[in-house]
Amino acid sequence: MMHSRLNAYRVMWVLVFFDLPTDTKGQRREYGKFRKKILSDGFVMFQFSMYIRHCNSKENADVHVKRVKSILPAEGHIGIMCVTDKQFGMMEIFQGKFTVMPPSTVQQLELF
């Protein structure tokens, strides 16, 4: 039963990408607050302004999307996208001209 719940089409990745202004001290403070809040919600940096989070279901992904929306800064451009584990696994990642492995899936234990 657990296997059917955690398949590559049900498991989701939430991607948050942002371009926030950092011209003033206040803008840099807002940038830092936003970044710290998404990190505290379990996101990890994938690229400089792109953070990702593994979720065991669409419903769980929706919870984290809602949290990100609740902390959006007043300025800047923020994108939020959900993709299935299957789609995420088809991504090709390079370091220069060399292929690198995508981040490993974090298995999270759910207690009811």
Side-chain angles (χ1 to χ4, degrees):
M1 181 166 187
M2 184 64 130
H3 177 65
S4 64
R5 286 185 55 214
L6 296 177
N7 70 49
Y9 295 98
R10 180 156 169 73
V11 172
M12 303 292 293
W13 287 87
V14 179
L15 292 70
V16 175
F17 18 87
F18 55 91
D19 185 13
L20 304 180
T22 57
D23 297 328
T24 68
K25 187 175 183 177
Q27 289 172 332
R28 287 188 294 276
R29 185 172 45 251
E30 287 300 309
Y31 171 93
K33 282 174 38 179
F34 180 71
R35 183 179 174 279
K36 286 179 184 175
K37 286 180 181 178
I38 62 176
L39 287 170
S40 70
D41 192 36
F43 285 84
V44 295
M45 188 168 65
F46 184 75
Q47 290 185 342
F48 185 61
S49 290
M50 181 181 174
Y51 289 73
I52 60 175
R53 188 183 198 292
H54 181 264
C55 298
N56 286 332
S57 66
K58 173 70 171 121
E59 296 77 17
N60 183 243
D62 290 341
V63 167
H64 295 285
V65 167
K66 186 175 179 179
R67 285 183 189 161
V68 172
K69 287 180 178 180
S70 75
I71 60 167
L72 292 174
E75 298 180 84
H77 297 277
I78 297 97
I80 305 169
M81 183 168 67
C82 294
V83 297
T84 66
D85 193 47
K86 183 72 172 177
Q87 292 167 320
F88 189 82
M90 292 187 301
M91 182 178 5
E92 293 183 80
I93 304 170
F94 299 88
Q95 181 75 37
K97 293 184 178 190
F98 301 98
T99 303
V100 295
M101 298 301 296
S104 60
T105 300
V106 178
Q107 292 296 328
Q108 297 175 343
L109 179 62
E110 291 184 33
L111 301 175
F112 298 94

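Just the heavy atoms: all of them, side chains too, but no hydrogens, waters or symmetry mates, feed the values below.
Residues Leu39 and Val44 come closest through the heavy atom pair CD2-CA, 4.4 Å. In plain terms, the two heavy atoms of Cys55 and Val11 that are nearest each other are O-CG1, 3.3 Å. Residues Phe34 and Val16 come closest through the heavy atom pair CZ-CG1, 4.2 Å. Of all heavy-atom pairs between Leu20 and Gly76, the closest is CD2-CA, 3.9 Å. Leu15 and Trp13 make their closest contact through CD1-O, 3.6 Å (heavy atoms, listed as atom of the first residue, atom of the second, distance).
With sequence neighbours excluded, the residues that form a side chain to side chain contact (heavy atoms under 4.5 Å, CB included) with Glu59 are Arg10, Ser57. Every residue two or more places apart in sequence or in another chain that forms a side chain to side chain donor-acceptor pair (under 3.5 Å) with Tyr51 is listed here: Arg35. Every side chain to side chain donor-acceptor pair (under 3.5 Å) that Asp41 has, sequence neighbours left out, goes to His64, Arg67. Residues passing the side chain to side chain contact (heavy atoms under 4.5 Å, CB included) test with Met91 are Phe46, Phe88, Ile93, sequence neighbours excluded. Partners of Phe98 according to the side chain to side chain contact (heavy atoms under 4.5 Å, CB included) rule, which considers only residues two or more places apart in sequence or in another chain, do not exist here. Remark: Thr84 pairs with Gln87 by the side chain to side chain donor-acceptor pair (under 3.5 Å) rule, at least two apart or across chains. For Lys58, the side chain to side chain donor-acceptor pair (under 3.5 Å) partners two or more places apart in sequence, or in a different chain, are Asp62.
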Check: Could you walk me through whether Lys36 and Ile71 pass the side-chain contact (heavy atoms from CB on, under 4.5 Å) check?
Finding: CA-CA 11 Å; Lys36 286 179 184 175; Ile71 60 167; over 6 Å; no
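With a 4.5 Å cut-off on side-chain heavy atoms, Phe17 and Gln47 do not count as touching.
One hydrophobic cluster, built from ILVMFWY side chains closer than 4.5 Å, holds both Phe43 and Met45. Both Val100 and Ile52 belong to a single network of hydrophobic side chains, linked directly or stepwise wherever heavy atoms of I, L, V, M, F, W or Y lie under 4.5 Å apart. When hydrophobic clusters are built by joining Ile, Leu, Val, Met, Phe, Trp and Tyr residues whose side-chain heavy atoms come closer than 4.5 Å, directly or via intermediates, Val68 is not grouped with Met50.
Rounded to the nearest 0.5 Å, atoms CD1 (Ile80) and NZ (Lys66) are 13.0 Å apart. With rounding to the nearest 0.5 angstrom, the CD1 atom of Ile38 is 9.5 Å from the CD1 atom of Ile78.
Applying the side-chain hydrogen bond (donor to acceptor under 3.5 Å, both in side chains) rule to pairs touching residues 70-83 yields Gln27-Glu75, sequence neighbours excluded. A salt bridge (Lys or Arg N to Asp or Glu O under 4.0 Å) check over residues 17-30, counting only residues at least two apart or in different chains, returns the pairs Glu30-Lys33. The stretch residues 93-104 participates, sequence neighbours left out, in no salt bridge (Lys or Arg N to Asp or Glu O under 4.0 Å) pair at all.
Residue Met90 belongs to no hydrophobic cluster, having no ILVMFWY side-chain heavy atom closer than 4.5 Å to its own.
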